[in-house]
Amino acid sequence: MWFPRLASNRVLRGCPSETPFALIRKDANAERLYCLNEAAQSLGLHRGMSLADARALCPDLRSQPARPDLDARFLGVLRRWAMRYCPWVGREGEDGLVLDVTGSTHLWGGEETMLGDMRAAMARAGVALRLGLAATRGASWARAHYGEEADLAQLPVAALRVDTETVTALQRLGLRTIGDLQGAARAPLARRFGLELLLRLDQAMGAVPEPVTPEAEPPHYATRMTLPEPIGLVTDVMGVTERLLKPLCAKLLAQHMGARRLTLTLRRVDQASQQVELRLAAPMRDAARILPLFQRGVDTVDAGFGIDMMRLEAVQVEPLAVQQIGSADHSADQLNDLITRIGTRIGLENIQRFQPTDSHIPERSFLTVPATHSLPASGWQVPRPRPITLFPPEPIMAKGAEPPARFRWRRMAFTTGRATGPERIAPEWWREDPAWASGLRDYWRIDTREGRRLWLFYTPQKPGWYVQGEFA
Amino acid sequence: MRPSLKPKPFLRSTRVHEVCGPAAFAFAALCAGKQALWIREAWLADIVLPQGMEIYGAPSGILLARPASQIDALAVAEEALKDGAAPFVILEITRPLDLREGRRLQLAAKAGGTTGLCIIPEGMGSNAAETRWRATPVFDPDREDSTLMRWESIKNKSGTLGVWYVRWDPQTHHLHVVPPVGLQPGSAGLPE
């Protein structure tokens, strides 16, 4: 199956239009047409043309940037759909599928009806389709691209999936069709063009096998259970959850994955359904540890007249390597369980850890990052003493660049016992920060005779004194 | 010779304690040790600076929980105390606890074998607390960047009250009990 206009068909399926349309891809600093619809092609535009040329030929051309990732996903969808014809479906390049229909055509009542069904389905879906059916993979590719009913020997050499240089060289030698090539002596051909050309020829003729590699379905991490009688007790629900968890965890283990987010869906007899979401602090696949974490969520569920279906899905999974058992340290696991339990109440992102960052500005010299996605940081550099608490700067009445001998702060009178400083910190000019709009700061540590040790600063560019922190 | 002590033992484990006063944060950071959970309501604007905490112990072992309200904070504290994965739990209180709440924290600490410390505003103590401390910094005329503090035990359910002058040594990570400024050496003993 070849989809000659896969990319533009994908976009135009949503908004069908008859006007010329093209997808653009940036290639070596020039915008080139990547995929066009039929209206555009009939106006003489072709793939690989630059956008400027195309605009000159066709001023009302609509265009859009190409999205190869979405195209690949669309092809994946088509691949899944094609599994209805046979179980052996693989991708062929960026815009084709290859199906090994051996032994499954009779289920559709013969080859012709099967191909007819494919054509009808794709026409309904609005995707252009070219089919080629042959005994070998190479031959069917050639038919799909160069004529569906053609005799293989009559097709041009380009139908052998060889690069354009080889094709040009073969044409110069007078070998225009596959039939010509078959008639030619093999040894000189191999010497001149390498084994690649002969391999392709043999593959098309069936002398060398070329298997179809079907893609494996991505594993699906979900389990469900339908109950003959509705249940309503918390212990029963937890019991079913446990039975759902075990096969799910076994599957995760087999794939070397760990669940990060789990959703338990409970359907009641009146068809209403409720969901319990569990976000874990670390990827996990240990049923015995996950089960108690569901307790809090299950407690809040309203069972109504009873629950008769439950489904457990690992919505988000992460790779988790197998670990050696025995001497492992369990304190980290315990802490992760605690974080998960707290996280179900206050949100997992509200449990944080400190991480140092490279900044002289005291407020920005550290980050608080969610504990679930970070490890304890080391390497705290404290070249100068820093206060333990920081608050928004509070102005005090004082004059001059030297620290005041007496001042009042928060309605308390203080006498300076010792002043240590100044430590000058300049604002980061590459960042717009209204708090640092007053410019440079000279920080002083003031040990007051009353006992409190405060962090004051003076702003020489806009004279004023402020208290910003307290040592202890 | 100066008597010195490890910072932990004077707070009985499996209990919840309280501390107030201007040096309460230092008291808490000093007790936190290697692994602690610090529960701080999200709306509090003051910043606890990890660099400032560094002299009392590595800030990397501290987990910060930012619940939205005191109800959540208490729930988180109870859960963490009961669990035991974090051996030390620090809770910042913004309104006084009633006896029921204080007692629940005590029971949770007992169940999990953990130690709790509430940082309370002056006069907001709970009757259920095991001990209550007031920590105030003291001016030290002798040394720069001194950490001289006055720790006053103002409530103790199973012991005596007392006043200690302490200084933290960031190099050796020891707490030195020193004689009060202006008094003769030997007038201070070890806290129990």
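A, B, ... follow the sequence lines: proteins, then strands. Residue 1 opens every chain. Note that the structure is predicted; figures quoted are calculated from it, not measured.
Counting non-hydrogen atoms of neighbouring residues, nucleotides and ligands closer than 6.0 angstrom, the CZ atom of A/R364 exceeds 12 such neighbours. Heavy-atom contacts from other residues, nucleotides or ligands closer than 6.0 Å to CD of A/E432 number 12 or fewer. Few gaps surround CG on B/D142; more than 12 heavy atoms of other groups in view lie less than 6.0 Å from it. Heavy atoms from other residues, nucleotides or ligands lying under 6.0 Å from CZ of B/R104 number 12 at most. Within a 6.0 Å sphere centred on CE of B/M124, other residues, nucleotides and ligands contribute more than 12 heavy atoms. B/K110 NZ: 12 or fewer foreign heavy atoms inside a 6.0 Å radius.
In this structure a side-chain-to-backbone donor-acceptor pair under 3.5 Å is missing from A/R345 to B/P67.
Residue B/F27: no heavy atom, backbone or side chain, is found under 4.5 Å from chain A. Both the backbone and the side chain of A/Q352 come within less than 4.5 Å of a heavy atom in chain B. Interface residue A/T389: backbone and side-chain heavy atoms are both found under 4.5 Å from chain B. Residue A/R341 touches chain B through its side chain alone, counting heavy-atom pairs closer than 4.5 Å. The contact between A/L390 and chain B is made by backbone and side chain atoms together, counting heavy-atom distances below 4.5 Å. Residue contact with chain B, scored on non-hydrogen atoms closer than 4.5 Å, involves the side chain of A/I339 exclusively. Of the two parts of B/T136, neither the backbone nor the side chain holds a non-hydrogen atom closer than 4.5 Å to a non-hydrogen atom of chain A. For B/L37, the part sitting under 4.5 Å from any heavy atom of chain A is the side chain, from C-beta outward, and nothing else. Only the side chain of B/A29 has a heavy atom closer than 4.5 Å to any heavy atom of chain A. Looking at A/R449, both its backbone and its side chain come within 4.5 Å of chain B, counting heavy atoms on both sides.
Across B/P50, B/S69, B/P59, B/A65, the residue that shares the most heavy-atom pairs under 4.5 angstrom with chain A is B/P50. Chain A forms more heavy-atom pairs under 4.5 Å with one residue of B/A24, B/A80, B/G61 than with any other, namely B/A80. Taking chain B as the reference chain and counting heavy-atom pairs below 4.5 Å, the highest number among A/P387, A/P356, A/P362 is found for A/P387. Interface check for chain B: of the options A/Q334, A/R386, A/Q355, the most heavy-atom pairs under 4.5 Å are formed by A/R386.
Taken from CG in A/N350 to CD1 in B/I39, the straight-line distance is 12.5 Å, to the nearest 0.5 Å. The OG1 atom of B/T147 sits 11.0 Å away from atom CD1 of A/I388, with the distance rounded to the nearest 0.5 Å. For the atom pair CG of A/L338 and CD of B/E79, the computed distance is 7.0 Å after rounding to the nearest 0.5 Å. A/R453 CZ to B/S146 OG: the interatomic distance, rounded to the nearest 0.5 Å, is 5.0 Å.
Contact annotation: the side chain of B/L64 approaches that of A/T368 to within less than 4.5 Å [non-hydrogen atoms, C-beta and beyond]. With contacts defined as side-chain heavy-atom distances shorter than 4.5 Å, the pair A/F391/B/I47 does not qualify. Taking the side chain as every heavy atom from C-beta outward, A/L335 and B/D83 never approach each other to under 4.5 Å. Side-chain contact between B/Q51 and A/S365 is present, with heavy atoms from C-beta onward closer than 4.5 Å. Between B/M53 and A/F354, the closest side-chain pair of non-hydrogen atoms falls below 4.5 Å. Contact of the A/E450 side chain with the B/F139 side chain is not registered, since no non-hydrogen atoms from C-beta on lie closer than 4.5 Å.
Between B/S60 and A/P376, the closest heavy-atom pair is O-CB, 3.7 Å.
Residue pairs that meet the salt bridge (charged side-chain N to carboxylate O under 4.0 Å, His left out) test with at least one member in residues 37-65 of chain B, sequence neighbours left out, are B/R40-B/E92.
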